[in-house]
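If you're wondering where the values come from, they're calculated on a predicted model, not measured in any experiment. Proteins come first, then strands; the chains are lettered A, B, ... in the order of their sequence lines, and each starts at number 1. We use all heavy atoms of the structure for the numbers below, so side chains are in, but hydrogens, waters and symmetry mates are not.
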Amino acid sequence: MTDKLKGTTTVGIVCKDGVVLAADRRGTLGTMVVTKTATKIFKIDDHLALAGAGEIGDILSLVRTLRAEAKLYRAKVGKEMSVKALATLTSNILHGTRYFPYFSWFLIGGYDEKPRIYSIDMDGGVTEDNYVSAGSGMGFAYGILEDSYREDMTLEDAIKLAVRALKAALKRDIFTGDGIMVVVVTREGYRELSKEEVNEILKKLD
Amino acid sequence: MEMKKTGTTTIGIKVKDGVVLAADTQASLDHMVETTNIRKIIPITDRIAITTAGSVGDVQMLARMLEAEARYYQFTWGKPMSAKAMANLLSNILNESKWFPFIVQIIIGGYVDEPTLANLDPLGGLIFEDTFTATGSGSPFAIAVLEDQYKKEMSLEEAKDLAIRAVRAAGKRDVYTGERKIQVVIITKEGIKEEMVEFKG
């Protein structure tokens, strides 16, 4: 199935103070690069983020549904959804469309009592882990994560690791490229790193 | 077809003082782990070694052919065959068998006149590498680690550590790559040194 989810590398890392999500910015149609500024990480609520690999239309559609559900949940329950709740909801939606699927693989990260990351495949299979990756370049990313992930990492270390994983995928996976988007979710909420911040990290790696 | 395959991660790193080759030690037969104690790096001369990925039988055959040719070369010319010459020879052998190919991905490493590292595909496609290379089912994982941490000025000891880390990362994520035991071969001006590195748990 992963051959259908080409054109992306997404990475999610849990650390002491939050989660880091990172993705490349290349959008492809078959073998042609159609955009160099694709957004593959989305804010679902104040402390909830989603990274998608696969059909961009399917991802956007699901993001709209999840945003609406998150708002509705707040109105009904009076508090923000937990990360697990969002993962379960996503899983239910994906499994419900099993025979007419969203061609995407999602990483859901966020902060409730503590930082958590879930990986959800096309059929709705959920796994929680300390570090996850998806997309055509996931093999390269997993190589770096497996080698360098530590449980007691600071947020800064985790950002650096995510960028390193993406950088390797950018270099070696033809469907991954055109820069890196990084998002962190901490107790304070969702924050996308600016281009300058990402460039600064990249510069220090060389 | 059931065939003993290595389903492997093998890597080669070139630094200024020599070449490091590393590989896992698991061989599979279809979906079964056949053995976790195979040597995938085969010395050909006292200065050249090749790594195995693909059909074990094919690589062993090629190794025997190369060994004989290297001896014959030494007899004829009174000097050892260089790694570059052997890589070209192997490329010719592979390409001659185009219609009944050897199912192999071979890395050849050696230090005869200078550190040499090359990568061969089943039809003899030959690429001399200046930095590092990886083959086998686990190569994406390994190559990412190498891409991330390789430096040209590395010492042999650092290159050896990096090689082990790269194969280990592949062992953790590729089902066909074993992670318990790693074979490392270091080739310098002085010759070939072999080491088996074991990990627990």
Side-chain angles (χ1 to χ4, degrees), chain A residues 2-3 5-13 22-24 53 119 121 127 129-151 153 157-177 180 201-206, chain B residues 7-13 20 22-24 26 53 105 119 127 129-154 158-180 182 184 197 199 201:
Chain A
T2 45
D3 60 320
L5 309 175
K6 57 177 78 163
T8 297
T9 305
T10 58
V11 165
I13 301 174
D24 70 307
S119 165
D121 67 24
T127 44
D129 218 328
N130 285 333
Y131 50 91
V132 290
S133 180
S136 53
M138 66 195 288
F140 302 104
Y142 268 128
I144 307 264
L145 293 170
E146 209 57 72
D147 180 58
S148 299
Y149 178 81
R150 303 284 176 273
E151 247 167 46
M153 285 180 134
D157 292 338
I159 293 170
K160 221 167 103 185
L161 178 58
V163 171
R164 273 169 58 201
L166 255 296
K167 195 181 161 200
L170 249 67
K171 276 197 177 158
R172 288 286 180 163
D173 178 39
I174 50 170
F175 291 111
T176 301
I180 301 170
I201 297 164
L202 278 170
K203 219 161 62 192
K204 273 189 205 148
L205 290 178
D206 286 328
Chain B
T8 299
T9 305
T10 67
I11 66 160
I13 303 180
V20 178
D24 69 308
Q26 177 177 314
Q105 269 279 346
N119 183 330
I127 300 167
E129 301 284 355
D130 231 6
T131 47
F132 54 82
T133 183
T135 65
S137 51
S139 59
F141 308 100
I143 223 156
V145 176
L146 296 170
E147 189 71 76
D148 185 47
Q149 278 154 53
Y150 175 83
K151 284 183 195 62
K152 239 189 163 96
E153 328 65 75
M154 276 178 143
E158 286 171 322
K160 181 185 133 196
D161 287 343
L162 176 56
I164 293 167
R165 287 172 72 176
V167 175
R168 256 201 118 198
K172 284 181 183 161
R173 286 287 174 172
D174 176 38
V175 289
Y176 287 114
T177 301
E179 66 157 325
R180 290 287 170 79
I182 296 169
V184 191
V197 185
F199 294 95

Report task. Report the distance from atom CG of A:Leu161 to atom CG of B:Asp148, rounding to the nearest 0.5 Å. Result -> 8.5 Å

Report task. Count the heavy atoms belonging to other residues, nucleotides or ligands that lie under 6.0 Å from NZ of A:Lys160, then report whether that count exceeds 12. Result -> no

Query raised in the report: Looking only at heavy atoms, which two atoms of B:Ala144 and A:Phe140 are closest? And how far apart?
Result: CB-O, 2.9 Å

Report summary line: The interface call for A:Lys171 against chain B, heavy-atom contacts under 4.5 Å, is side chain

Query raised in the report: At what distance, to the nearest 0.5 angstrom, does CD of B:Glu147 lie from CZ of A:Arg164?
Result: 12.5 Å

**Report entry** Stepwise side chain to side chain contact (heavy atoms under 4.5 Å, CB included) test for A:Asp147 and B:Gln149
**Finding:** CA-CA 11 Å; A:Asp147 180 58; B:Gln149 278 154 53; 3.2 Å; yes

Query raised in the report: Which bit of B:Arg165 comes within less than 4.5 Å of chain A, counting heavy atoms only: side chain, backbone, both or neither?
Result: both

Report summary line: Of all heavy-atom pairs linking A:Gly143 and B:Val145, the shortest is O-CG2, 3.2 Å

Query raised in the report: Can you tell me how far the CD atom of A:Glu146 sits from the CZ atom of B:Arg168, to the nearest 0.5 Å?
Result: 9.0 Å

Query - ring pair (Phe, Tyr, Trp, His ring centres under 6.0 Å) partners for A:Tyr131, two or more places apart - result: A:Tyr149

